[in-house]
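What follows is a set of notes on a single structure, which appears directly below.
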Amino acid sequence: MATRDYTTRRQSIVNALVVKLKTIDGTSGFLSDVGNNVSPRLKFWDEVDDFPALHLNCGQETREYQGGGFKDRYLNITIRCYVNEEDAVDALDKLLEDVETVVEENSRLAYTDRQGAPQATHQISIVSIDTDEGVLDPLGVGEILLEVRY
């Protein structure tokens, strides 16, 4: 198979982000422990059995064409955060803070593309953070929308 200069790297980026998010283990300054409850696929609320949990989902991808044949790609990723605790608002805030820490520390995320070549994102930015504000207490859900430039 011939190599390509441009291939979709959506799932490769998500998988690398999942590996980083699994480091949220309640130690080394982390406030939460997600264990292995990090999924590269979005699940429906009723499918979530173990808490806290993080589920990622790729969204829209756009291109910006530069001179000289270069192009930047922008990928939206949603990280949905689930908790189930007596004080769901506080637990969700801690989990969101942990996720933000991991994202900020891995803004230039290393990953391997579909052809096995090492790659890295140019930048990962947090676009927004949203929560249910305690409406579902003792359950809590929050979303972090990322923009990945690669």
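Numbering of residues begins at 1 and proceeds along the displayed sequence. Keep in mind that what you see is a predicted model, and the values were worked out from it rather than measured. Hydrogens, waters and symmetry mates are skipped; everything else that's a heavy atom, side chains included, is used.
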Calculate, to the nearest 0.5 Å, the distance between atoms CD and CG belonging to E147 and N76 respectively. 6.0 Å
Gap separating the CG atom of L17 from the CG atom of L56, nearest 0.5 angstrom: 5.5 Å
Donor-acceptor contact present, side-chain S39 to main-chain H55, <3.5 Å: no
Measure across V34 and V38 and return the closest heavy-atom pair with its distance rounded to 0.1 Å. CG2-CG2, 3.7 Å
Between A16 and Y111, what is the shortest heavy-atom contact and its length? CB-CB, 3.6 Å
d(I24 CD1, K94 NZ) to nearest 0.5 Å is 14.0 Å
Between S128 and D130, does any side-chain donor sit less than 3.5 Å from a side-chain acceptor? no
Between I129 and V89, is there a shared hydrophobic cluster once you connect ILVMFWY residues whose side-chain heavy atoms come closer than 4.5 Å? no
Within the structure provided, determine whether L31 and L95 are in side-chain contact (heavy-atom separation under 4.5 Å). no
Under 3.5 Å: donor-acceptor pair, side chain of T62, backbone of R73: no
Can you confirm whether N36 sits close enough to K22 that some side-chain heavy atom of one is under 4.5 Å from a side-chain heavy atom of the other? yes
Quick check: do Q119 and S12 have side-chain heavy atoms less than 4.5 Å from each other? no
When you measure from the side chain of T112 to the backbone N and O of P118, does any donor-acceptor pair fall under 3.5 Å? no
Do I126 and V103 touch side chain to side chain, with heavy atoms closer than 4.5 Å? yes
Any chance NZ of K20 has more than 12 other-residue heavy atoms, nucleotides or ligands included, within less than 6.0 Å? no
Mind listing the closest non-hydrogen atom pair of G140 and L92 along with its distance? C-CD2, 4.1 Å
Nearest 0.5 angstrom please: K43 NZ to Y82 OH, how far? 10.0 Å
Once you round to the nearest 0.5 Å, how far does CZ of F51 lie from SG of C81? 12.5 Å
My understanding is that only residues two or more places apart in sequence, or in another chain, count here; which of them pass side-chain hydrogen bond (donor to acceptor under 3.5 Å, both in side chains) with E47? none
Apply side-chain contact (heavy atoms from CB on, under 4.5 Å) to I124 and L109, showing your working. CA-CA 8 Å; I124 300 177; L109 180 66; 3.9 Å; yes
Could you grab the distance from atom CD1 of I13 to atom CG of L146, nearest 0.5 Å is fine? 11.0 Å
Any side-chain heavy-atom pair from V141 and R80 closer than 4.5 angstrom? yes
For the student: nearest non-hydrogen atoms of D33 and G35, plus distance: OD1-N, 3.0 Å
Members besides V127 in its Ile/Leu/Val/Met/Phe/Trp/Tyr cluster (side-chain heavy atoms under 4.5 Å): L145
Quick one: does E85's side chain get under 4.5 Å of D87's, heavy atoms only? no
Side chain to side chain donor-acceptor pair (under 3.5 Å) pairs, two or more places apart, involving residues 95-104: S32-D98
Polar side-chain atom of N37 near backbone of P52 as donor-acceptor pair, under 3.5 Å: yes
So, do T23 and V102 sit near enough that their side-chain heavy atoms are less than 4.5 Å apart? yes
By the definition side-chain hydrogen bond (donor to acceptor under 3.5 Å, both in side chains), identify the one residue from E61, Q123, R10, H122 that meets it with Y150. E61
Within a reach of under 6.0 Å around CZ of R149, are more than 12 heavy atoms found that belong to other residues, nucleotides or ligands? yes
Heavy-atom pair with the smallest gap, counting every atom of D137 and A88: OD1-CB, 3.2 Å
Taking side chain as C-beta onward, heavy atoms only, is V148 less than 4.5 Å from Y74? no
Apply the test side-chain contact (heavy atoms from CB on, under 4.5 Å) to residues L54 and V99: give CA-CA distance (whole Å), side-chain angles for both, the deciding distance (0.1 Å), then the verdict. CA-CA 9 Å; L54 302 173; V99 171; 3.8 Å; yes
